[in-house]
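Take a look at the structure set out below.
Start at 1 with the first residue, then count along the sequence. Start at 1 and go down the list; that is how both ligands and their atoms are numbered.
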Amino acid sequence: MSRDDLISTNAKIVKEVTENVIKYSPEAKIIVVSNPLDVMTYAAFLAAKVPSNRVFGMAGILDTARYKAFIASELNVSPIGIEALLLGGHGDTMVPLPNYTSVSGIPVRQLIPEDRLQEIIKRTQNGGGEIVALQGTSAWYAPGTAAAQMVEAIVRDTKSVYPVCAMLNGEYGMKDIALGVPVVLGKNGIEKIIDLKLTEEEKVLLETSAKAVKNVMNVLDDMKMF
Ligand SMILES: O=C(O)C[C@H](O)C(=O)O
């Protein structure tokens with residue numbers, strides 16, 4: 001079963017929970033932690049009927065943590081100095097960005113050959129499935145930790161820059177889609193979406209990921225729940 005197969009069950013739950021959250025806590029910021037992540041974030045946005053800076057999804061921090069862990073293990077170094085960024089949907093087409101990955105400031109491509117780096121990217125894309133195969137159920141510790149980091153950024157108004165699943169409104173040339181992008185997270189929720197200048201290759205990868213998310217969004221639209 002892939003993350004996308006969960007849509008019909010989870011869409012109903014996300015809709016009902018979101019409507020109740022907004023009913024009883026109209027100023028809430030909503031962090032969606034439910035698969036298929038990007039489409040469930042879109043569903044929560046439709047159900048909440050509040051500005052998009054208040055409804056977003058947790059995925060990028062989790063996926064980036066896996067990507068950093070695999071790089072650390074490859075190099076036999078601490079993950080603490082590793083900085084990395086990742087864009088796109090929370091699925092097999094997510095886009096880890098080697099151009100934005102460094103180990104204590106050293107560009108990752110100076111440390112890991114391209115073929116190994118591509119294997120690490122593949123492993124990151126399938127990271128959720130790897131855990132399910134190993135333990136027979138989804139990961140919980142890393143997703144919980146990632147969500148807690150997002151809550152902390154909001155509650156303490158840290159203005160941290162994190163990859164978050166956000167509704168796009170023209171950024172990256174896209175609209176009406178929830179997709180992983182770097183944002184500034186603070187007391188107002190998403191305070192800014194950072195629109196990176198991507199290479200042509202990165203743009204193609206992001207568009208492929210957006211297409212995969214759109215396909216699942218179409219399944220949700222066909223369910224006529226909103
Ligand atoms: O893939 C899953 O089953 C859960 C989650 O999306 C993850 O990436 O760990």
Using a 4.0 Å cutoff against the non-hydrogen atoms of S138, which atoms of ligand 1 qualify? 2 (C), 3 (O), 4 (C)
Enumerate the atoms of ligand 1 whose separation from the nearest heavy atom of H90 is less than 4.0 angstrom. 5 (C), 6 (O), 7 (C), 8 (O)
Gap separating the CE atom of M150 from the OH atom of Y162, nearest 0.5 angstrom: 9.5 Å
Numbered in order shown, the ligand 1 atoms found under 4.0 Å of a heavy atom of A139 are 9 (O)
Under 4.0 Å from a heavy atom of N35: which atoms of ligand 1 are those, numbered in the order shown and with their elements? 2 (C), 4 (C), 5 (C), 6 (O)
Using the rule given for salt bridge (charged side-chain N to carboxylate O under 4.0 Å, His left out), can you reason through E16 versus K12, listing the C-alpha separation, both sets of side-chain angles and the distance that settles it, and then say yes or no? CA-CA 6 Å; E16 193 183 325; K12 290 183 197 104; over 6 Å; no
Under a 4.0 Å threshold between the charged nitrogen and the carboxylate oxygen, would E119 count as salt-bridged to R116? yes
Taking C-beta and beyond as the side chain, do I154 and L185 meet within less than 4.5 Å on heavy atoms? yes
What part of R66, side chain from CB on, backbone N/CA/C/O, both or neither, has a heavy atom under 4.0 Å from ligand 1? side chain
If you measure from each heavy atom of I131 to ligand 1, is any distance below 4.0 Å? no
A quick test of your reading: do over 12 heavy atoms of other residues, nucleotides or ligands sit less than 6.0 Å from NZ of K159? yes
With a heavy-atom distance limit of 4.0 Å, tell me whether D63 approaches ligand 1 through its side chain, its backbone, both, or neither. neither
Going by the atom numbers of ligand 1, which of them fall below 4.0 Å from some non-hydrogen atom of V132? 3 (O)
Do the charged groups of K203 and E207 touch, with an N to O distance under 4.0 Å? no
